[in-house]
Protein chains: 2
Amino acid sequence: MLTPERHQLILSLLKEKEVVRIQELVDTTGASESTIRRDLSELEEQRLLKRIHGGATALQNKIEEPTILEKAVKNEQQKIAIAKYAASLVKERDSIFLDAGTTTNQMLPYLPGNIIVVTSSPDIGLQLIKRNIKTILLGGELKAATLSVVGREAIKSIGQYRFDKCFLGINGIDKHHGLTTPDPDEAYVKQLALQFSDERYVLCDSEKFSGVTFAKVADLRGITVITDDGLYEEDQQEYSKLTNLKVVKL
Amino acid sequence: MLTPERHQLILSLLKEKEVVRIQELVDTTGASESTIRRDLSELEEQRLLKRIHGGATALQNKIEEPTILEKAVKNEQQKIAIAKYAASLVKERDSIFLDAGTTTNQMLPYLPGNIIVVTSSPDIGLQLIKRNIKTILLGGELKAATLSVVGREAIKSIGQYRFDKCFLGINGIDKHHGLTTPDPDEAYVKQLALQFSDERYVLCDSEKFSGVTFAKVADLRGITVITDDGLYEEDQQEYSKLTNLKVVKL
DNA sequence: CCAAAATCATTCAAATTCATTCATTTTTCG
DNA sequence: CGAAAAATGAATGAATTTGAATGATTTTGG
């Protein structure tokens with residue numbers, strides 16, 4: 001029985017029963033106890049269940065439509081996988097820039113504690129400070145669409161810092177047009193973050209590939225694009241020539 | 001039967017019956033008396049039930065002392081009344097500074113739409129932008145205690161703006177020491193907000209009066225203190241000589 | 001008020017479950 | 001094919017949970 005099968009089985013059992021014992025899972029899957037434990041750890045990491053002594057329980061919220069949920073979950077899982085890998089790149093004492101966005105947001109639980117974060121997202125800022133992580137918020141005008149800070153003020157702010165690493169979300173990535181985003185103001189903030197950073201990472205699930213939006217942020221050279229394994233093999237090879245592509249397995 | 005299952009069972013039994021005996025729980029769960037006792041202790045710890053001799057009872061929804069509760073409600077209402085009055089001072093097309101704090105937070109629902117707000121609170125910023133109010137967030141380091149932005153960066157940011165009105169929260173107000181707040185960094189931001197504003201308002205419920213904390217923000221001259229009617233008559237008269245005191249009736 | 005009965009907190013050892021490590025097998029990819 | 005990476009299962013000792021025993025505390029019934 002393959003790993004995804006087991007995971008699926010575990011989750012569907014949980015949907016029915018609310019609680020499952022490890023021994024129960026060993027029996028029904030035929031896998032060893034070690035494997036089941038590993039499964040449970042992974043599924044917990046992905047926020048799909050909660051481990052308890054002796055087994056696991058379902059999480060509380062299960063209100064959504066199954067079809068929409070499943071798609072959302074898949075997309076969500078991709079984003080979590082990408083975010084988790086990205087967060088693993090952050091070391092103690094790093095100073096990093098965190099862009100506003102859903103994917104970067106997912107990085108927060110996995111970040112180490114002793115770092116300095118500069119962000120354009122008040123939302124992310126509030127979450128970081130609750131985790132006691134030193135946080136600097138860019139100043140400037142708040143954009144309703146993305147809940148991020150942009151404008152002249154933000155641009156001046158960001159110039160005062162230098163980053164070991166920066167992590168950007170992006171709306172489109174394309175072989176010819178590079179990285180693009182709908183809002184020129186935001187594009188500029190992202191550009192500066194890239195400029196002031198030693199290592200440059202862009203978090204981008206595979207659905208964003210070969211998409212172009214209005215404002216260009218940067219070319220693909222000199223950055224690392226972290227994505228999931230949803231790309232066609234040929235695209236993956238093509239993009240690998242243009243940029244440093246890191247594919248995260250789900 | 002795993003621990004969370006037992007806990008769930010105990011709580012659901014309590015929801016039906018209001019009281020459960022230990023022996024009853026031993027019988028239905030099959031666990032030993034020791035285990036049940038441990039369960040009850042934990043659940044009590046989590047404020048999910050109350051242990052009694054021989055078993056446990058459900059928690060009433062009126063846990064708090066009436067006096068404390070009533071006081072909290074009253075305090076809340078005072079803050080709302082103050083905030084509502086303060087918000088009524090804001091006119092269309094004003095540009096205002098909104099300080100971080102619970103009282104200023106209460107102003108948000110009552111603000112008119114067509115204004116520009118500068119704030120040091122990312123929390124307030126996020127709420128404003130959802131109401132489609134043009135919002136500028138100060139940049140700088142986030143303080144965990146007050147969830148507000150302070151520091152050199154914030155100070156430089158704020159200097160770029162001029163306000164028709166500013167609204168500050170405050171921790172202490174005293175005849176001799178004026179306005180004080182525990183954190184010197186925050187005090188400085190508040191000072192600048194006052195400096196760059198035409199009309200200066202301080203929101204301060206009556207319990208803060210005659211309180212002094214570490215860092216001085218400003219003297220009482222030249223500002224308007226908005227408070228509730230919880231002051232002694234004599235204090236009210238005294239403070240009226242020192243500052244522009246506006247008492248809001250509950 | 002007293003004594004018996006019931007209930008309780010605490011301790012300890014046994015049983016279960018757990019994380020970690022390591023060798024083996026399987027898969028992946030050049 | 002062959003090396004590297006990933007998945008697996010067994011083994012180990014650590015950590016948690018459990019139930020029984022003990023003596024202290026509270027309740028009950030006279």
Side-chain angles (χ1 to χ4, degrees), chain A residues 1-11 13-14 17-46 48-57 77-78 80-82 84-85 88-89 110 206 226-241 244-250, chain B residues 1-11 13-14 17-46 48-57:
Chain A
M1 184 172 255
L2 298 163
T3 311
E5 284 184 81
R6 282 199 316 275
H7 286 194
Q8 204 49 55
L9 177 63
I10 293 172
L11 291 176
L13 272 180
L14 266 180
K17 301 184 36 172
E18 199 76 7
V19 179
V20 282
R21 253 147 277 258
I22 288 207
Q23 194 51 51
E24 200 178 331
L25 294 173
V26 170
D27 293 342
T28 59
T29 62
S32 73
E33 197 182 297
S34 300
T35 301
I36 296 297
R37 285 186 196 290
R38 271 187 281 257
D39 288 342
L40 294 184
S41 296
E42 285 173 32
L43 291 171
E44 182 174 44
E45 280 279 293
Q46 294 172 29
L48 296 174
L49 53 75
K50 175 159 172 47
R51 291 191 70 182
I52 59 177
H53 197 88
T57 75
Q77 279 187 296
Q78 290 170 344
I80 289 176
I82 293 170
K84 199 168 156 190
Y85 174 78
S88 76
L89 299 171
Y110 306 107
S206 55
I226 306 173
T227 188
D228 58 78
D229 60 355
L231 281 182
Y232 292 119
E233 180 63 28
E234 59 209 58
D235 275 340
Q236 192 172 315
Q237 299 212 352
E238 281 236 51
Y239 278 103
S240 291
K241 290 176 198 156
N244 187 6
L245 192 69
K246 168 68 189 179
V247 176
V248 178
K249 296 261 165 60
L250 201 51
Chain B
M1 184 170 256
L2 299 175
T3 312
E5 286 184 273
R6 284 198 315 274
H7 287 190
Q8 202 50 56
L9 178 64
I10 293 172
L11 291 176
L13 273 179
L14 266 180
K17 302 180 40 170
E18 199 74 10
V19 181
V20 282
R21 249 153 251 291
I22 287 208
Q23 194 51 50
E24 200 178 332
L25 294 173
V26 170
D27 292 342
T28 60
T29 62
S32 74
E33 198 181 299
S34 300
T35 301
I36 296 297
R37 287 186 194 291
R38 270 187 283 257
D39 287 342
L40 294 184
S41 296
E42 284 173 33
L43 291 171
E44 181 173 43
E45 186 89 356
Q46 294 172 34
L48 296 173
L49 53 74
K50 175 156 174 51
R51 291 190 70 181
I52 57 176
H53 197 87
T57 75

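The sequence lines fix the lettering, A, B, ..., with proteins before strands; numbering per chain opens at 1. Not measured: the values here are computed from a predicted model.
Between atom CD1 of residue A:Ile36 and atom OG1 of residue A:Thr28 there is a gap of 7.0 Å, rounded to the nearest 0.5 Å.
Side-chain contact between B:Ile22 and B:Arg37: present, with at least one pair of heavy atoms (C-beta onward) separated by less than 4.5 Å. At a threshold of 4.5 Å between non-hydrogen side-chain atoms, the residues B:Leu14 and B:Leu43 do not count as touching. A heavy-atom distance below 4.5 Å is not found between the side chains of A:His53 and B:Leu2. A heavy-atom distance below 4.5 Å is not found between the side chains of B:Leu9 and B:Glu5. B:Thr57 has its side chain out of reach of B:Glu18: every pair of non-hydrogen atoms, C-beta onward, lies at least 4.5 Å apart. B:Thr35 places none of its side-chain heavy atoms less than 4.5 Å from the side chain of B:Thr29. Side chains of A:Ile10 and A:Leu49 form a contact here, defined as non-hydrogen atoms less than 4.5 Å apart. Looking at heavy atoms from C-beta onward, B:Arg6 lies out of side-chain contact with B:Arg38 at the 4.5 angstrom threshold.
Note: CD1 (A:Ile36) to P (C:dT20) measures 18 Å, nearest angstrom. Between A:Met1 atom CE and D:dA7 atom C1' there is a gap of 16 Å when expressed in whole angstrom units. Between A:Leu25 atom CG and D:dG9 atom P there is a gap of 14 Å when expressed in whole angstrom units. What separates CG of A:Asp39 from P of D:dA6 is a distance of 17 Å, to the nearest Å. As a whole-Å value, the separation of A:Leu2 CG from D:dA6 P is 17 Å.
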Review item, nucleotides 3-9 of chain C N/O atoms under 3.5 Å of protein N/O:
residue: C:dT7; atom: O4'; partner: B:His53; partner atom: NE2; Å: 3.4
residue: C:dT7; atom: O3'; partner: B:Gly54; partner atom: N; Å: 3.0
residue: C:dC8; atom: OP1; partner: B:Ile52; partner atom: O; Å: 3.1
residue: C:dC8; atom: OP1; partner: B:Gly54; partner atom: N; Å: 2.3
residue: C:dC8; atom: OP2; partner: B:Arg37; partner atom: NH1; Å: 2.4
residue: C:dC8; atom: OP2; partner: B:Arg37; partner atom: NH2; Å: 3.1
residue: C:dC8; atom: O5'; partner: B:Arg37; partner atom: NH1; Å: 3.0
residue: C:dA9; atom: OP1; partner: B:Arg51; partner atom: NH1; Å: 3.3
residue: C:dA9; atom: OP2; partner: B:Arg51; partner atom: NH1; Å: 3.2
residue: C:dA9; atom: OP2; partner: B:Arg51; partner atom: NH2; Å: 3.0

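Dashed line: the shortest gap from a side-chain N or O of A:Ser34 to OP1 or OP2 of C:dT21 is not under 4.0 Å. Under 4.0 angstrom from either OP1 or OP2 of C:dC18 there lies no side-chain N or O belonging to A:Arg38. Contact annotation: A:Thr35 reaches the phosphate of D:dG9 (side-chain N/O to OP1 or OP2, under 4.0 Å).
In the helix from C:dC1-D:dG30 to C:dG30-D:dC1, the terminal helix axes, each the rotation mapping four pairs' C1' atoms onto the next four within five end pairs, subtend 40°, rounded to 10°.
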